[in-house]
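Letters A, B, ... mirror the listed sequences (proteins, then strands); counts begin at 1.
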2 protein chains.
Amino acid sequence: MTARTPDSARDIPEATVARLPVYLRALTSFAEEGTTTCSSEELAVSAGVNSAKLRKDLSYLGSYGTRGVGYDVEYLRYQIAREIGVTHDWPVVIVGIGNLGHALANYSGFRSRGFRVVALLDADPTRKDEVVAGLDVRSFEDIESIVAEHAVSIGVIATPAIAAQAVADRMVANGITSILNFAPTVLSVPDGVGVRKVDLSIELQILAYHEQRKSIAPASEDAS
Amino acid sequence: MTARTPDSARDIPEATVARLPVYLRALTSFAEEGTTTCSSEELAVSAGVNSAKLRKDLSYLGSYGTRGVGYDVEYLRYQIAREIGVTHDWPVVIVGIGNLGHALANYSGFRSRGFRVVALLDADPTRKDEVVAGLDVRSFEDIESIVAEHAVSIGVIATPAIAAQAVADRMVANGITSILNFAPTVLSVPDGVGVRKVDLSIELQILAYHEQRKSIAPASEDAS
DNA sequence: AGGAGTTTGTGAACGGGAGAACAAAACGAG
DNA sequence: CTCGTTTTGTTCTCCCGTTCACAAACTCCT
Ligand SMILES: NC(=O)c1ccc[n+]([C@@H]2O[C@H](COP(=O)([O-])OP(=O)(O)OC[C@H]3O[C@@H](n4cnc5c(N)ncnc54)[C@H](O)[C@@H]3O)[C@@H](O)[C@H]2O)c1
Ligand SMILES: NC(=O)c1ccc[n+]([C@@H]2O[C@H](COP(=O)([O-])OP(=O)(O)OC[C@H]3O[C@@H](n4cnc5c(N)ncnc54)[C@H](O)[C@@H]3O)[C@@H](O)[C@H]2O)c1
């Protein structure tokens, strides 16, 4: 009955997967402070979640805590990193080196969290002279050789919306199987290709919705 | 009973709220193409969701379609915009005009989707000479007068993680009640203040998890 | 005018995730 | 060695969201 096989946990819920990186970050903070052990309660507070939820999340990975004691920070950190797959760096290409692409290329946080930007691509030939964050901006046409050479499986799209689908198609054709999309478009990709979108306007609109709610519905809350 | 009150629908599920902006965008596309009417199926495809889900989502707003016909693009677009609260522009301040802050300030998509950046703030005095996207970068100390003058209720944090909590506290103290946070930190704010976070590293790590899965998974039982 | 064909709006079943609560396990004191 | 304390791992229940399926409502054609 549900024999636990720590080496290859196999059915981690999406909601849990999305929180593991948060735990990882909290554990890294602890480690930097010199904390060697923490309880589920401490870690939960640091990650901003309920401690029962945290324990349940961790239980999907295996049984890495010690009852009555807590978790070894370094050990748990490694286990989560291993589960996510960031014990080694993933090569990443960024396509579309405009406003956003520049910021992404210069962002040091990727490197420290398991990703290495190996190439910056843009269709605009006038950008080809540029060096951003120590990397040449190269032609989008080079994608094939770059993906092949560095075994890239993750691509970031920071082009205008109109170009995003074409860029995604090209990425997929060259073997990229995970895409992070910043363009405000719904991408369609074959089965087996993972897509996540980051849409800042949507985030703001969600905030606006609740904001509007606050001013219209003061009756129920009575914010004096 | 559930008497439907189209003027002030009041209990829209979070999941639905998060999708309304996507529908809004799809409808705007339709309008730009000159399409005046669309079915739930067409809109659903364009938004990348199931059509039953779309209809249920829309039903929370009221009954704005016509059976046997579909939805009037312009009319529905307006109703969704009104529900979200983006029929008029929301003033927004951006704090932290570094790599990411520059990109955000230069992004034209906010303006066209119901938001107007009214001020750019940074703690670094050497940035104060700069003009970004037609706006002066001003001292973070000016936040009080700016928020008061423009009746700002939405703030964007693009500072390093270490500064994010202090910036958030200051925002809240000055009356900002919705925060979009790009710094990789868990913010703690009083009840009644809305926070949404955008964390690019987490998005990549989620992709990495599934990516790793793909290469390990083929041997379902016995990964030698 | 009536019937056939569409498409919406929603009731109901289903699945997954959140949180409370508790038993099992480890540790330390005496 | 035994007991009490602490904290994990897990079970159970509830709620939210998704999806199916269908009656109601509208148009168009004859
Ligand atoms: N700037 C922001 O803060 C921001 C915020 C939210 C969303 N976005 C979205 O991110 C995307 C990029 O925004 P931006 O402000 O950097 O735009 P931008 O116009 O500054 O940059 C786009 C870059 O993509 C390149 N490009 C265009 N077509 C291409 C193609 N087919 N192949 C490769 N490269 C191509 C262009 O040459 C340009 O360098 C847009 O879709 C935008 O809606 C940007
Ligand atoms: N650049 C990216 O693409 C990217 C991607 C993901 C996340 N982030 C996150 O976004 C944040 C900003 O990233 P960045 O690359 O723009 O960093 P950055 O260092 O280029 O810019 C940060 C800016 O914030 C200002 N600042 C610092 N403390 C401040 C304070 N107390 N009040 C006001 N302003 C202050 C600094 O003067 C600087 O101009 C970081 O938390 C980073 O982790 C950035």
Can a side chain N or O of [X] be found less than 4.0 Å away from OP1 or OP2 on [N]?
| X | N | answer |
| --- | --- | --- |
| B:S40 | C:dT8 | yes |
| A:Y71 | D:dG9 | yes |
| A:K53 | C:dG19 | yes |
| B:N50 | D:dG17 | no |

Round to the nearest Å and state the distance from [X] atom [atom1] to [N] atom [atom2].
| X | N | atom1 | atom2 | value |
| --- | --- | --- | --- | --- |
| A:D57 | D:dG9 | CG | P | 12 Å |
| A:L54 | D:dT10 | CG | P | 14 Å |
| A:L61 | D:dT10 | CG | P | 12 Å |
| A:L43 | D:dT7 | CG | P | 14 Å |
| B:E41 | C:dG9 | CD | C1' | 15 Å |
| A:Y60 | D:dT11 | OH | C1' | 12 Å |
| A:E42 | D:dT7 | CD | C1' | 11 Å |

Return each pair, listed once, that meets side-chain hydrogen bond (donor to acceptor under 3.5 Å, both in side chains) where at least one residue sits in residues 175-193 of chain A; pairs must be two or more places apart or across chains.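 Matches after skipping sequence neighbours: A:T177-B:E211, A:S178-B:E211.
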Heavy-atom closest contact (B:A161 atom, B:P184 atom, distance):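 So the minimum-distance heavy-atom pair works out to CB-CD, 3.9 Å.
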Would you mind telling me which of B:Y23, B:Y75, B:Y78, B:Y71 makes a ring pair (Phe, Tyr, Trp, His ring centres under 6.0 Å) with B:Y64?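 With B:Y64 as partner, B:Y23, B:Y75, B:Y78, B:Y71 yield a single ring pair (Phe, Tyr, Trp, His ring centres under 6.0 Å), made by B:Y75.
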Could you please name the option among [options] that lies closest to any side-chain atom of [X]?
| X | options | value |
| --- | --- | --- |
| A:K56 | D:dC12, C:dG17, C:dG9 | D:dC12 |
| A:S59 | C:dG11, D:dG9, C:dG9 | D:dG9 |
| A:E14 | D:dG17, C:dG17, C:dA20 | C:dG17 |

Do A:I157 and A:I179 come close enough that some side-chain heavy atom pair is under 4.5 Å?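 Result yes, sub-4.5 Å side-chain heavy-atom pair found.
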Letter by letter from the 5' end, nucleotides 22-29 of chain C scores (B base, S sugar-phosphate only, - none; protein heavy atoms under 4.0 Å) --BBSS--
Ionic contact status for A:R77 with A:D72, cut-off 4.0 Å: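 No, A:D72 and A:R77 are not salt-bridged.
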Would you call the rings of B:H88 and B:W90 parallel, tilted or perpendicular, taking 30° and 60° as the class edges?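 Judged by the thresholds at 30° and 60°, the geometry between B:H88 and B:W90 is tilted.
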Just jot down the ring-ring contact (aromatic ring centres under 6.0 Å, His included) partners of A:F140, sequence neighbours excluded, or say none.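 None.
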